[in-house]
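Accompanying notes for the structure given below.
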Number of protein chains: 2
Amino acid sequence: MKRDSRLSGLLHVLLHMAGRDVPVTSEHLARIMQTNPVVIRRIMAGLRKRGYVSSGKGHGGGWVLARDLAEITLRDVHEALGEPELLAIGHRTEAPSCLIEQAVNAALADSFREAEAMLLARLGTVTLAMLHADFSARLALRGRAEGSCP
Amino acid sequence: MKRDSRLSGLLHVLLHMAGRDVPVTSEHLARIMQTNPVVIRRIMAGLRKRGYVSSGKGHGGGWVLARDLAEITLRDVHEALGEPELLAIGHRTEAPSCLIEQAVNAALADSFREAEAMLLARLGTVTLAMLHADFSARLALRGRAEGSCP
DNA sequence: CATCATGTAATTATAGAAGTTACATGAAAA
DNA sequence: TTTTCATGTAACTTCTATAATTACATGATG
(Lines give C-alpha, C1' and ligand atoms only; values in the text may rest on other atoms or scores of the structure.)
Protein backbone atom coordinates (compact mmCIF):
# COMPACT_ATOMS: atom_id res chain seq x y z
CA MET A 1 0.00 0.00 0.00
CA LYS A 2 1.68 3.17 -1.17
CA ARG A 3 2.02 5.89 1.42
CA ASP A 4 0.56 9.33 0.79
CA SER A 5 3.36 11.89 0.61
CA ARG A 6 1.26 14.99 0.05
CA LEU A 7 1.73 16.28 3.59
CA SER A 8 5.46 15.82 3.33
CA GLY A 9 5.52 17.48 -0.08
CA LEU A 10 3.33 20.37 0.94
CA LEU A 11 5.47 21.13 3.99
CA HIS A 12 8.49 21.13 1.73
CA VAL A 13 6.85 23.63 -0.57
CA LEU A 14 5.69 25.91 2.24
CA LEU A 15 9.16 26.11 3.73
CA HIS A 16 10.61 26.94 0.36
CA MET A 17 8.12 29.79 0.09
CA ALA A 18 9.11 31.03 3.53
CA GLY A 19 12.47 32.23 2.28
CA ARG A 20 11.11 34.53 -0.39
CA ASP A 21 9.17 37.76 -0.25
CA VAL A 22 7.96 37.66 -3.84
CA PRO A 23 5.17 35.39 -5.08
CA VAL A 24 6.24 31.96 -6.28
CA THR A 25 4.55 30.45 -9.30
CA SER A 26 2.92 27.03 -9.35
CA GLU A 27 5.35 26.10 -12.07
CA HIS A 28 8.32 26.88 -9.86
CA LEU A 29 6.89 24.93 -6.95
CA ALA A 30 6.10 22.05 -9.28
CA ARG A 31 9.73 21.90 -10.31
CA ILE A 32 10.79 21.67 -6.68
CA MET A 33 8.27 18.93 -6.01
CA GLN A 34 8.96 17.21 -9.31
CA THR A 35 5.32 17.26 -10.23
CA ASN A 36 2.80 19.17 -12.33
CA PRO A 37 1.70 22.78 -11.72
CA VAL A 38 -1.94 21.69 -11.70
CA VAL A 39 -1.24 19.29 -8.87
CA ILE A 40 0.30 22.16 -6.92
CA ARG A 41 -2.75 24.37 -7.49
CA ARG A 42 -5.08 21.62 -6.39
CA ILE A 43 -3.14 21.05 -3.19
CA MET A 44 -2.65 24.75 -2.42
CA ALA A 45 -6.37 25.42 -2.83
CA GLY A 46 -7.05 23.96 0.61
CA LEU A 47 -4.43 26.17 2.20
CA ARG A 48 -5.83 29.25 0.51
CA LYS A 49 -9.35 28.50 1.69
CA ARG A 50 -8.06 28.51 5.25
CA GLY A 51 -6.10 31.71 4.76
CA TYR A 52 -2.62 30.27 5.17
CA VAL A 53 -1.56 31.39 1.71
CA SER A 54 -2.88 33.69 -0.96
CA SER A 55 -2.56 33.59 -4.71
CA GLY A 56 -2.36 36.21 -7.42
CA LYS A 57 -2.92 36.03 -11.14
CA GLY A 58 -1.14 37.61 -14.05
CA HIS A 59 2.34 39.10 -14.20
CA GLY A 60 4.17 38.78 -10.92
CA GLY A 61 1.46 36.47 -9.70
CA GLY A 62 1.87 33.29 -7.74
CA TRP A 63 1.71 32.11 -4.15
CA VAL A 64 2.69 33.86 -0.93
CA LEU A 65 2.44 32.90 2.71
CA ALA A 66 -0.31 34.88 4.44
CA ARG A 67 0.51 33.86 8.01
CA ASP A 68 3.54 33.67 10.22
CA LEU A 69 5.21 30.27 10.23
CA ALA A 70 4.66 30.04 13.98
CA GLU A 71 0.89 30.16 13.47
CA ILE A 72 0.70 27.08 11.26
CA THR A 73 0.98 23.57 12.70
CA LEU A 74 1.50 20.37 10.80
CA ARG A 75 -2.00 19.43 11.84
CA ASP A 76 -3.33 22.58 10.16
CA VAL A 77 -1.62 21.58 6.95
CA HIS A 78 -3.02 18.08 7.24
CA GLU A 79 -6.51 19.50 7.64
CA ALA A 80 -5.99 21.79 4.69
CA LEU A 81 -5.30 18.70 2.62
CA GLY A 82 -8.78 17.47 3.50
CA GLU A 83 -7.76 15.33 6.46
CA PRO A 84 -6.65 12.29 4.49
CA GLU A 85 -6.58 8.93 6.24
CA LEU A 86 -3.69 8.53 8.65
CA LEU A 87 -3.87 4.75 8.97
CA ALA A 88 -3.09 2.31 6.20
CA ILE A 89 -5.22 -0.49 7.63
CA GLY A 90 -8.95 -0.54 8.13
CA HIS A 91 -12.11 -2.56 8.40
CA ARG A 92 -13.08 -4.98 5.66
CA THR A 93 -16.75 -4.06 6.06
CA GLU A 94 -17.91 -0.89 7.74
CA ALA A 95 -21.20 -2.10 9.20
CA PRO A 96 -21.15 -5.90 9.08
CA SER A 97 -24.14 -8.03 9.98
CA CYS A 98 -21.87 -10.93 10.92
CA LEU A 99 -21.30 -10.86 14.68
CA ILE A 100 -17.79 -12.19 14.30
CA GLU A 101 -16.87 -9.32 12.05
CA GLN A 102 -18.53 -6.91 14.45
CA ALA A 103 -16.28 -8.18 17.20
CA VAL A 104 -13.23 -7.83 14.95
CA ASN A 105 -14.17 -4.28 14.02
CA ALA A 106 -14.78 -3.29 17.61
CA ALA A 107 -11.39 -4.56 18.72
CA LEU A 108 -9.56 -2.83 15.91
CA ALA A 109 -11.52 0.41 16.12
CA ASP A 110 -10.28 1.17 19.61
CA SER A 111 -6.66 0.82 18.61
CA PHE A 112 -7.17 2.78 15.43
CA ARG A 113 -8.87 5.69 17.16
CA GLU A 114 -6.18 5.87 19.78
CA ALA A 115 -3.34 5.86 17.28
CA GLU A 116 -5.00 8.48 15.09
CA ALA A 117 -5.73 10.76 18.02
CA MET A 118 -2.17 10.51 19.19
CA LEU A 119 -0.72 11.27 15.81
CA LEU A 120 -3.01 14.26 15.30
CA ALA A 121 -2.14 15.62 18.72
CA ARG A 122 1.53 15.24 17.93
CA LEU A 123 1.19 17.06 14.61
CA GLY A 124 -0.65 19.83 16.39
CA THR A 125 2.38 20.62 18.53
CA VAL A 126 4.78 21.16 15.65
CA THR A 127 4.77 24.49 13.83
CA LEU A 128 6.30 25.42 10.52
CA ALA A 129 8.51 27.83 12.45
CA MET A 130 10.04 24.87 14.26
CA LEU A 131 10.74 23.14 11.00
CA HIS A 132 12.30 26.27 9.63
CA ALA A 133 14.51 26.60 12.69
CA ASP A 134 15.61 23.01 12.24
CA PHE A 135 16.43 23.75 8.62
CA SER A 136 18.50 26.78 9.64
CA ALA A 137 20.40 24.68 12.15
CA ARG A 138 21.16 22.10 9.47
CA LEU A 139 22.28 24.85 7.13
CA ALA A 140 24.65 26.26 9.74
CA LEU A 141 26.13 22.82 10.31
CA ARG A 142 26.73 22.22 6.65
CA GLY A 143 28.50 25.53 6.24
CA ARG A 144 28.09 28.03 3.45
CA ALA A 145 26.48 25.69 0.89
CA GLU A 146 23.05 26.36 -0.54
CA GLY A 147 21.52 23.37 1.16
CA SER A 148 18.10 23.44 -0.39
CA CYS A 149 16.82 22.57 -3.81
CA PRO A 150 16.25 25.38 -6.39
CA MET B 1 -5.81 6.14 -0.16
CA LYS B 2 -7.60 2.88 0.18
CA ARG B 3 -7.12 1.14 3.51
CA ASP B 4 -5.75 -2.38 3.66
CA SER B 5 -8.38 -4.73 5.07
CA ARG B 6 -6.36 -7.92 5.04
CA LEU B 7 -5.82 -7.95 8.79
CA SER B 8 -9.51 -7.42 9.39
CA GLY B 9 -10.39 -10.12 6.87
CA LEU B 10 -7.89 -12.61 8.19
CA LEU B 11 -9.12 -12.20 11.74
CA HIS B 12 -12.62 -12.80 10.50
CA VAL B 13 -11.54 -16.01 8.83
CA LEU B 14 -9.61 -17.27 11.84
CA LEU B 15 -12.54 -16.77 14.16
CA HIS B 16 -14.79 -18.60 11.77
CA MET B 17 -12.35 -21.51 11.84
CA ALA B 18 -12.33 -21.48 15.62
CA GLY B 19 -15.84 -22.82 15.80
CA ARG B 20 -15.16 -25.98 13.82
CA ASP B 21 -13.13 -29.06 14.53
CA VAL B 22 -12.95 -30.25 10.93
CA PRO B 23 -10.69 -28.66 8.30
CA VAL B 24 -12.18 -25.77 6.35
CA THR B 25 -11.41 -25.47 2.67
CA SER B 26 -10.00 -22.35 1.03
CA GLU B 27 -13.09 -22.28 -1.11
CA HIS B 28 -15.32 -22.11 1.93
CA LEU B 29 -13.25 -19.35 3.53
CA ALA B 30 -13.23 -17.50 0.23
CA ARG B 31 -17.01 -17.51 0.20
CA ILE B 32 -17.08 -16.01 3.69
CA MET B 33 -14.58 -13.34 2.70
CA GLN B 34 -16.19 -12.82 -0.69
CA THR B 35 -12.93 -13.36 -2.47
CA ASN B 36 -10.98 -15.98 -4.39
CA PRO B 37 -9.60 -19.24 -2.88
CA VAL B 38 -6.13 -18.43 -4.19
CA VAL B 39 -6.15 -15.16 -2.29
CA ILE B 40 -7.01 -17.10 0.86
CA ARG B 41 -4.13 -19.51 0.33
CA ARG B 42 -1.73 -16.67 -0.25
CA ILE B 43 -2.75 -14.98 2.97
CA MET B 44 -2.86 -18.17 5.03
CA ALA B 45 0.63 -19.14 3.92
CA GLY B 46 2.15 -16.64 6.35
CA LEU B 47 0.15 -18.07 9.22
CA ARG B 48 1.16 -21.61 8.37
CA LYS B 49 4.84 -20.69 8.25
CA ARG B 50 4.54 -19.45 11.81
CA GLY B 51 2.67 -22.51 12.97
CA TYR B 52 -0.64 -20.83 13.76
CA VAL B 53 -2.55 -22.98 11.30
CA SER B 54 -1.89 -26.15 9.33
CA SER B 55 -3.21 -27.27 5.99
CA GLY B 56 -4.03 -30.66 4.49
CA LYS B 57 -4.51 -31.77 0.92
CA GLY B 58 -6.99 -34.13 -0.69
CA HIS B 59 -10.32 -35.35 0.60
CA GLY B 60 -11.18 -33.88 3.96
CA GLY B 61 -8.33 -31.45 3.52
CA GLY B 62 -8.31 -27.76 4.33
CA TRP B 63 -7.22 -25.46 7.12
CA VAL B 64 -7.23 -25.99 10.89
CA LEU B 65 -6.05 -23.87 13.78
CA ALA B 66 -2.86 -25.29 15.27
CA ARG B 67 -2.75 -23.09 18.38
CA ASP B 68 -5.09 -22.01 21.08
CA LEU B 69 -6.83 -18.71 20.40
CA ALA B 70 -5.32 -17.31 23.56
CA GLU B 71 -1.83 -17.76 22.16
CA ILE B 72 -2.36 -15.61 19.08
CA THR B 73 -2.39 -11.82 19.28
CA LEU B 74 -3.53 -9.39 16.63
CA ARG B 75 0.09 -8.36 16.33
CA ASP B 76 1.05 -11.95 15.52
CA VAL B 77 -1.49 -11.98 12.73
CA HIS B 78 -0.20 -8.66 11.44
CA GLU B 79 3.32 -10.04 11.36
CA ALA B 80 2.12 -13.17 9.58
CA LEU B 81 0.79 -10.89 6.86
CA GLY B 82 4.32 -9.61 6.35
CA GLU B 83 4.04 -6.55 8.57
CA PRO B 84 2.31 -4.28 6.09
CA GLU B 85 2.58 -0.54 6.60
CA LEU B 86 0.41 0.80 9.41
CA LEU B 87 0.50 4.45 8.42
CA ALA B 88 -1.08 5.88 5.33
CA ILE B 89 1.20 8.89 5.15
CA GLY B 90 4.93 8.94 4.63
CA HIS B 91 7.95 10.80 3.37
CA ARG B 92 8.05 12.11 -0.16
CA THR B 93 11.73 11.22 -0.47
CA GLU B 94 13.46 8.77 1.79
CA ALA B 95 16.95 10.25 1.85
CA PRO B 96 16.68 13.80 0.51
CA SER B 97 19.69 15.98 -0.17
CA CYS B 98 17.59 19.11 0.31
CA LEU B 99 18.05 20.35 3.87
CA ILE B 100 14.50 21.61 4.02
CA GLU B 101 13.18 18.21 3.17
CA GLN B 102 15.51 16.65 5.72
CA ALA B 103 13.98 18.86 8.38
CA VAL B 104 10.49 17.91 7.27
CA ASN B 105 11.32 14.23 7.34
CA ALA B 106 12.90 14.45 10.77
CA ALA B 107 9.86 16.15 12.25
CA LEU B 108 7.44 13.67 10.76
CA ALA B 109 9.55 10.61 11.48
CA ASP B 110 9.30 11.08 15.24
CA SER B 111 5.53 11.23 15.16
CA PHE B 112 5.30 8.32 12.77
CA ARG B 113 7.52 6.06 14.85
CA GLU B 114 5.62 6.85 18.00
CA ALA B 115 2.22 6.17 16.46
CA GLU B 116 3.37 2.92 14.90
CA ALA B 117 4.94 1.68 18.10
CA MET B 118 1.81 2.47 20.02
CA LEU B 119 -0.45 0.71 17.59
CA LEU B 120 1.75 -2.39 17.50
CA ALA B 121 1.88 -2.51 21.29
CA ARG B 122 -1.88 -2.23 21.40
CA LEU B 123 -2.35 -5.05 18.89
CA GLY B 124 0.01 -7.17 20.95
CA THR B 125 -2.30 -7.05 23.94
CA VAL B 126 -5.37 -8.37 22.15
CA THR B 127 -5.69 -12.12 21.60
CA LEU B 128 -8.01 -14.01 19.30
CA ALA B 129 -9.54 -15.53 22.44
CA MET B 130 -10.65 -12.06 23.51
CA LEU B 131 -12.27 -11.46 20.15
CA HIS B 132 -14.00 -14.82 20.37
CA ALA B 133 -15.30 -13.98 23.83
CA ASP B 134 -16.64 -10.70 22.50
CA PHE B 135 -18.35 -12.57 19.69
CA SER B 136 -19.95 -14.98 22.17
CA ALA B 137 -21.20 -12.07 24.24
CA ARG B 138 -22.76 -10.48 21.16
CA LEU B 139 -24.34 -13.81 20.25
CA ALA B 140 -25.88 -14.15 23.70
CA LEU B 141 -27.31 -10.65 23.45
CA ARG B 142 -28.85 -11.25 20.09
CA GLY B 143 -30.59 -14.42 21.25
CA ARG B 144 -30.86 -17.70 19.44
CA ALA B 145 -30.05 -16.42 15.94
CA GLU B 146 -27.11 -17.70 13.98
CA GLY B 147 -25.26 -14.41 14.16
CA SER B 148 -22.36 -15.18 11.88
CA CYS B 149 -22.07 -15.56 8.15
CA PRO B 150 -22.12 -19.09 6.62
C1' DC C 1 -4.52 44.09 -25.87
C1' DA C 2 -0.89 40.65 -25.47
C1' DT C 3 1.03 37.99 -22.00
C1' DC C 4 1.24 35.63 -17.93
C1' DA C 5 -0.57 33.12 -14.05
C1' DT C 6 -4.19 31.00 -11.58
C1' DG C 7 -8.86 27.97 -11.42
C1' DT C 8 -11.03 23.84 -12.65
C1' DA C 9 -13.26 20.37 -15.29
C1' DA C 10 -12.31 16.48 -18.08
C1' DT C 11 -9.39 13.13 -19.73
C1' DT C 12 -5.50 9.92 -19.85
C1' DA C 13 -1.68 7.26 -17.84
C1' DT C 14 0.32 4.56 -14.32
C1' DA C 15 1.24 1.60 -10.58
C1' DG C 16 -0.17 -1.58 -7.16
C1' DA C 17 -3.39 -4.80 -5.45
C1' DA C 18 -6.77 -8.10 -6.23
C1' DG C 19 -8.60 -11.52 -8.93
C1' DT C 20 -8.08 -15.38 -12.17
C1' DT C 21 -6.08 -19.15 -14.75
C1' DA C 22 -3.22 -22.98 -15.10
C1' DC C 23 -0.99 -26.68 -13.66
C1' DA C 24 1.88 -29.37 -10.27
C1' DT C 25 1.70 -31.99 -5.86
C1' DG C 26 -0.10 -35.04 -2.77
C1' DA C 27 -3.92 -37.34 0.08
C1' DA C 28 -8.05 -40.00 0.50
C1' DA C 29 -11.77 -42.56 -1.44
C1' DA C 30 -13.73 -45.72 -4.81
C1' DT D 1 -4.53 -48.08 -8.92
C1' DT D 2 -7.30 -44.71 -10.62
C1' DT D 3 -10.31 -40.91 -9.71
C1' DT D 4 -11.36 -37.08 -7.16
C1' DC D 5 -10.42 -33.44 -4.26
C1' DA D 6 -7.68 -29.98 -2.01
C1' DT D 7 -3.59 -27.31 -1.44
C1' DG D 8 0.84 -24.67 -3.52
C1' DT D 9 2.49 -21.38 -6.67
C1' DA D 10 3.73 -19.06 -10.71
C1' DA D 11 1.99 -16.36 -14.36
C1' DC D 12 -1.23 -13.49 -16.12
C1' DT D 13 -5.21 -10.43 -16.31
C1' DT D 14 -8.30 -7.13 -14.64
C1' DC D 15 -9.44 -3.44 -11.57
C1' DT D 16 -9.04 0.82 -9.33
C1' DA D 17 -7.27 4.77 -7.04
C1' DT D 18 -4.13 8.41 -7.81
C1' DA D 19 -1.33 11.33 -10.27
C1' DA D 20 -0.37 13.55 -14.51
C1' DT D 21 -1.93 15.92 -18.35
C1' DT D 22 -4.83 18.60 -21.47
C1' DA D 23 -7.85 22.18 -22.33
C1' DC D 24 -9.86 26.23 -21.71
C1' DA D 25 -11.90 30.01 -18.78
C1' DT D 26 -10.78 33.98 -15.66
C1' DG D 27 -8.47 37.83 -14.38
C1' DA D 28 -4.20 40.85 -13.53
C1' DT D 29 -0.28 43.41 -15.27
C1' DG D 30 2.77 45.66 -18.36
Side-chain angles (χ1 to χ4, degrees), chain A residues 1-10 12-13 17 20 22-50 52-66 80-85 87-90 92-93, chain B residues 1-10 12-13 17 20 22-50 52-66 80-85 87-90 92-93:
Chain A
M1 218 121 279
K2 181 129 190 63
R3 287 166 80 168
D4 182 352
S5 63
R6 282 177 302 160
L7 176 61
S8 165
L10 186 47
H12 187 188
V13 154
M17 287 169 61
R20 341 210 163 200
V22 296
V24 191
T25 65
S26 303
E27 184 149 2
H28 185 182
L29 294 177
R31 236 174 293 133
I32 293 175
M33 293 261 300
Q34 300 173 99
T35 182
N36 193 287
V38 177
V39 175
I40 296 288
R41 290 186 197 120
R42 271 204 289 254
I43 288 180
M44 298 290 281
L47 286 169
R48 184 185 47 228
K49 191 157 57 185
R50 283 154 203 267
Y52 298 134
V53 299
S54 61
S55 60
K57 296 180 170 180
H59 285 93
W63 300 91
V64 285
L65 279 167
L81 276 171
E83 305 195 52
E85 288 290 351
L87 296 186
I89 61 182
R92 198 181 66 95
T93 307
Chain B
M1 215 121 282
K2 180 128 189 64
R3 286 167 82 168
D4 181 353
S5 63
R6 282 177 302 160
L7 177 61
S8 164
L10 186 47
H12 187 189
V13 154
M17 287 170 60
R20 340 212 162 197
V22 296
V24 191
T25 66
S26 302
E27 184 150 2
H28 184 183
L29 294 178
R31 235 174 294 134
I32 293 175
M33 292 262 300
Q34 302 174 100
T35 181
N36 193 286
V38 176
V39 175
I40 296 289
R41 290 184 197 119
R42 271 205 287 254
I43 289 179
M44 297 291 279
L47 286 170
R48 184 183 49 228
K49 191 157 58 186
R50 283 155 202 264
Y52 298 134
V53 300
S54 61
S55 60
K57 295 181 171 180
H59 284 92
W63 301 90
V64 284
L65 280 167
L81 276 171
E83 306 194 52
E85 288 290 351
L87 297 186
I89 61 182
R92 199 181 65 96
T93 307

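Note on naming: letters A, B, ... go to the chains in the order of the sequence lines (proteins, then strands), and numbering restarts at 1 for each one.
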[N], OP1 or OP2 - any side-chain N/O from [X] closer than 4.0 Å?
X: B/Thr35; N: C/dG19; value: yes
X: B/Arg41; N: D/dG8; value: no
X: B/Thr25; N: D/dC5; value: no
X: A/Ser55; N: C/dG7; value: yes
X: B/Arg48; N: D/dT9; value: yes

Spatial distance of atom CG (B/Leu10) from atom CG (B/Leu29) [nearest 0.5 Å]: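 If I round to the nearest 0.5 Å, the distance is 10.0 Å.
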Between A/Ser5 and B/Ser26, which is nearer to the 5' end of DNA chain D once each is assigned its nearest nucleotide?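 Looking at the nearest nucleotide for each, B/Ser26 comes out on the 5' side.
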Does B/Pro37 or A/Gln34 map to a spot on DNA chain D nearer the 5' end, using the closest nucleotide for each?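 Between the two, 5'-proximity favours B/Pro37.
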Check whether any side-chain heavy atom of [X] lies under 4.5 Å from a side-chain heavy atom of [Y], and answer yes or no.
X: A/Met1; Y: B/Pro84; value: no
X: B/Met44; Y: B/Tyr52; value: no
X: B/Ile43; Y: B/Leu81; value: yes
X: B/His12; Y: B/Met17; value: no

Under 4.0 Å, heavy atoms only, any strand: does A/Gly60 hit a base, just the sugar-phosphate, or nothing?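 Touches nothing.
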Give one of base, sugar-phosphate or nothing for B/Arg3, where a contact means two heavy atoms less than 4.0 Å apart.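 Here B/Arg3 touches no strand at all.
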Can you identify which nucleotide, out of C/dG7, C/dG16, D/dT22, has its nearest atom closest to the A/Trp63 side chain?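 Closest of the options to the side chain of A/Trp63: C/dG7.
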Return yes if the base of D/dA10 and the side-chain atoms of B/Arg42 contain a donor-acceptor N/O pair under 3.5 Å, otherwise no.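 A donor-acceptor contact between them is absent.
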Output the rounded distance in Å from [atom1] ([X]) to [atom2] ([N]).
X: A/Leu47; N: C/dT6; atom1: CG; atom2: C1'; answer: 15 Å
X: A/Glu27; N: C/dT3; atom1: CD; atom2: P; answer: 17 Å
X: A/Ile40; N: C/dT6; atom1: CD1; atom2: P; answer: 10 Å
X: A/Met33; N: D/dA19; atom1: CE; atom2: C1'; answer: 11 Å
X: A/Asn36; N: D/dA19; atom1: CG; atom2: P; answer: 12 Å
X: B/Met44; N: D/dT9; atom1: CE; atom2: P; answer: 14 Å
X: B/Leu81; N: C/dA18; atom1: CG; atom2: P; answer: 10 Å
X: A/Asp4; N: C/dG16; atom1: CG; atom2: P; answer: 14 Å

Look at the side chain of A/Ser8 and the backbone N and O of B/Arg92, then say whether any donor-acceptor pair between them is shorter than 3.5 Å.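 Yes: the side chain of A/Ser8 pairs with the backbone of B/Arg92.
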Let me know, please, whether A/Lys2 or A/Lys57 comes out on the 5' side of the other along DNA chain C by nearest nucleotide.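 Whichever sits nearer the 5' end wins; that is A/Lys57.
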Toward the 5' end of DNA chain C, which comes first, A/Met1 or A/His59, by nearest nucleotide?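 It is A/His59, whose closest nucleotide lies nearer the 5' terminus.
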